[in-house]
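Protein chains get the first letters and strands the later ones, always in sequence-line order, with residue 1 at the start of each.
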Amino acid sequence: MSFLGYTVLPRTQTSALALLAVPLVTIVLSIVTMVIMFSLLGADPGVVLYSFFIEPLASSYNLGELLIKASPLILIAQGLAIGFRARVWNIGAEGQLIIGAICASLLPIFWPDSQSAWMLPGMILIGALAGMAWAGIAAYLKASFNASEIIVTLMLTEIAKQVLYYLLTGPLRDPSGYNFPQSVMFPDAGLYPTFGGDGVRANLSVLITLVVTVGCWIFVTRSFAAFRLMVGGVASDAARYAGFSQRRAIWMSLLIGGAAAGLAGVGEIAGPIGKLQPILSPGYGYAAIIVAFLGGLHPVGIFFAGLFMALVYVGGDIALVSAGVPASAPVVFQGLLLIFYLASYFFVRHEVRRVPQATGLRGAA
Amino acid sequence: MLMASGGAPIAGVPTTSLLRLDGISKSYGSLVANDKIDIDIRPGQIHAVLGENGAGKSTLMKMIFGVIQPDAGAIYWKGRQTEIASPARARALGIGMVFQHFSLFETITVAENISFTVPGDKRELSRRIREASEAFGLAVEPDALVYKLSVGERQRVELVRCLLQEPSLLILDEPTSVLTPQAVETLFVTLRMLSDKGIAILYISHKLEEIRALCHSATILRHGQVTGHVDPREETSRSLAKMMIGRDIPRSAHAEARPDANVALRVNGLSTWQRDAHAVNLKGVCLEVRRGEILGIAGVSGNGQQALSRYLSGEETLPATRKGEIEILGAAVGHLGAADRRRQGLSFIPEERLGRGAAPGLSLNDNMLLTGHRLGMVARGFIRKRVRDEHAERCIREMDVRCGGSKSNASSLSGGNLQKFIVGREMMLRPKVMVVAQPTWGIDVGAAAMVRQKLVDLRDEGVSILVISEELEELFEISDRMAVMFEGRMSLPVHTRATTPERIGQMMVGLFDAQEEMTTEAAQ
């Protein structure tokens, strides 16, 4: 494979520095490209940059928004990363989030007047279990029939959406809600307490994310189970040789990812939304995949990558108004991140070299 | 020895140089792989490059074949300084190479494979293949599908492919590692014929006897430097080995085994039915290893050894209804996975060290944890890093593993050192039964001697050991009884001290049913 006298070859060695450089290069290239793109659309680059990256940090309200967006992203990405390290590709966190949210919402919907202190813990538990169960379907199909978990989790997301639409237009619809497809508002007992002052929407689900992050960090760096998963990912033959069960790796990866996504679902309905509605997440389940990789599949890296991605969401909303960029700006930026990540990572593993002087016999293997 | 590096002139061989390397050097970072290497080869000369693994043989060959470029020094081809920028350039000059691992597509025919590198239409090519195979005594059928060919036949295809490009220099990398003793003889006849026709041969090997039998001259490498240019016909294996490793080989003299009657590992008619057309299925394999003996399994690679080791290790398992086909210490274990079998007292050392026996990219500490976790390295699900590191360091110390400490990446170790680490780790598990595949495959003489000695020591402690190896010499050195695998079948075992390499060589091409009948008759 050569082009204009250049060819791409696999590198014999990859440096640790290069691996660290990947997220940084990705972010810089994405920002530069985004600014160029929006400038071409007539936006002022300075305003775009300011509203994307400075303004979200400039007020306590915006900081609160940043936190409640970062929280589900980090939470889901932590769960997914454990599976990704074992090369189990759960792409359907969005669906697990939806099912977690639906099941957790049953408590406040059926007991809308309850003031029980057990309501919120119950929702958290049910949400996590439901997310696990939804991901467990993919685990079962993969472990028993070797069905690709990529496709199964992705398709289960579509099913989850349809289940949500059905329930909201039927059984779970608010009877006095003028036929809008949404549930009753949850009682206070079914909502996370907020903090940070009046009007700030940041709530205690952030705490759950922090606890999960620390838990994941301990799990990944110290536990034997995470070691087994990791060996299965980097050297599947060695894992087989050592007798680390592949089935167990599949189940564990998907269940952990599903639980995290289900928890994130609870964070949405018991947080800023406060009810069950057709749109529960602006694609957190997919964006979290990018967060997981941008964070190098490491709990600490994911924490910062999640904050950065939240910045893009909040900044995108602000830039929509102040710089006149299209509403799809955050999604465009996510796309840029993904593409530049894949490209930079490719060059960690490969190098471009000049083809040695032509001999007429090139390509003969 | 002080001659212009090449040994005595050979009758009928022109004295002009074909390939001359002048002070060739190559470094990778701080590691000097080749340090000012001089070699001189004349047409028709069979020249050996001899050295342990890691001595720099492969680096040198890659530079001659244009895969990598030297940092310093010059290459002279037919007297003119030449830059060999790529393998294509090397081929254009007239250099052919047969690699240790063949590069043939298995699902297409011999002629189609050869057509990738040799131009011309297929009928013409088939005719040329037949001509060449007759001229050089290399029986090759152009229309045969490659996957049906034995390893020896595949090697002949590679050779013919090189010869059709009419090379003046042929590089052979460890060509006999996959051949039976009889096939080695045939190969040597061909190589001598090529030499008579004026083709020079660079013969890379660590098998001293072969080099003495075949080569006109030899260059010996150690740690990237030339330690001697000699005429191998005038040297003894011992003197060659000494130049190769810089000291006398620790010769292991093993006392006879004293096995007791307890069978620790038993295989009862193990058969497999894999549908993959390329897989060799096991056909009713039976064997017994008693406490305190080494049973060697000989055979040309690709006759079912891989399947056997996978089923023994538990990487492949049997359905519960057939669990009795494999027994460890009297318990049926056929249905158990690798971890459960380890718990029963089995240890396994696979032929692939990097990627299977050890995980590349992970430290030696982590690789100790891979199978050593039962030695108190895990408490309540958490890794006890101190215990893990202590074990890894002890293993490194006791097995004399050369590395930058227990934090070194497994990929950074040479094959021999990694194998010593894996053997040490599996020994630490205090196994009752040990299965070892290709224990010294591709590792240096010093490490190989140590690994074999450790196996014998283990045997003397009462461990039952099954060694699957392609190296007959090795099996004759360490095993107490030997059996041969051919096309998935297993011969009856014979006592090593009561047989000869020639006899085993015949069994390696499948001539053991008659022998079995004879034994049965004798028994009746």
Side-chain angles (χ1 to χ4, degrees), chain A residues 2 5 7 9-16 19 85-87 143 215-249 252 256 297 348-349 351 353-365, chain B residues 28-29 66 68-69 83-93 103 105 116-119 165 310 313-316 336-343 348-350 352-362 366-367 369-373 377-385 388 410-412:
Chain A
S2 68
T7 183
L9 297 170
R11 278 185 206 273
T12 44
Q13 290 170 319
T14 54
S15 69
L19 283 172
R85 284 158 65 99
R87 299 204 176 223
C216 282
W217 184 58
I218 294 171
F219 178 75
V220 165
T221 52
R222 308 210 63 109
S223 81
F224 187 51
F227 174 78
R228 289 194 304 249
L229 287 174
M230 187 261 295
V231 173
V234 298
S236 56
D237 282 347
R240 206 181 161 98
Y241 161 78
F244 301 160
S245 159
Q246 172 68 14
R247 294 164 71 94
R248 222 165 115 176
M252 231 171 130
I256 291 175
L297 301 184
V348 171
R349 301 276 173 208
E351 60 186 333
R353 284 224 317 232
R354 268 197 85 84
V355 177
Q357 300 92 311
T359 58
L361 279 170
R362 191 190 307 145
Chain B
Y28 294 103
I68 52 176
Q69 303 304 315
E83 199 179 316
I84 304 176
S86 67
R89 175 83 186 122
R91 273 191 287 265
L93 288 171
S103 47
F105 293 102
F116 290 127
T117 35
V118 182
Q165 298 172 71
R310 286 185 167 278
S313 69
E315 288 159 288
E316 299 281 348
L336 297 179
D340 289 328
R341 288 192 204 184
R342 279 215 176 75
R343 239 164 261 139
F348 171 56
I349 299 170
E352 296 116 331
R353 281 142 218 158
L354 207 54
R356 194 161 156 212
L362 300 190
D366 278 340
N367 273 299
L369 190 62
L370 192 67
T371 61
H373 53 86
M377 295 178 206
V378 177
R380 292 201 197 94
F382 285 97
I383 300 165
R384 293 167 71 189
K385 296 194 174 178
R388 177 196 69 182
S411 322
S412 71

List the atom of [X], the atom of [Y], and the distance in Å for their closest heavy-atom pair.
X       : Y       : value
A242(A) : L370(B) : CB-O, 3.5 Å
G243(A) : A338(B) : CA-CB, 3.6 Å
L362(B) : M230(A) : CD2-SD, 3.8 Å

Which residues share a side-chain hydrogen bond (donor to acceptor under 3.5 Å, both in side chains) with E316(B), sequence neighbours left out:
R240(A)

Given that the side chain runs from C-beta out, which part of [X] has a heavy atom under 4.5 Å from chain A: side chain, backbone, both or neither?
X       : value
D366(B) : both
R310(B) : side chain
L369(B) : both
I383(B) : both
R384(B) : neither

Check each atom of F227(A) against the heavy atoms of chain B and say whether the ones under 4.5 Å are side chain, backbone, both or neither.
side chain

With sequence neighbours left out, the residues meeting side chain to side chain contact (heavy atoms under 4.5 Å, CB included) with V118(B) are I114(B), L125(B), R128(B), L164(B), Q165(B)

If you count heavy-atom pairs under 4.5 Å between each of P350(B), S313(B), G337(B), G314(B) and chain A, which one has the most?
P350(B)

Based on non-hydrogen pairs under 4.5 Å, which of S245(A), A238(A), A235(A) is most in contact with chain B?
A238(A)

Value for OH (Y241(A)) from CD1 (I349(B)), rounded to nearest 0.5 Å, stands at 6.5 Å

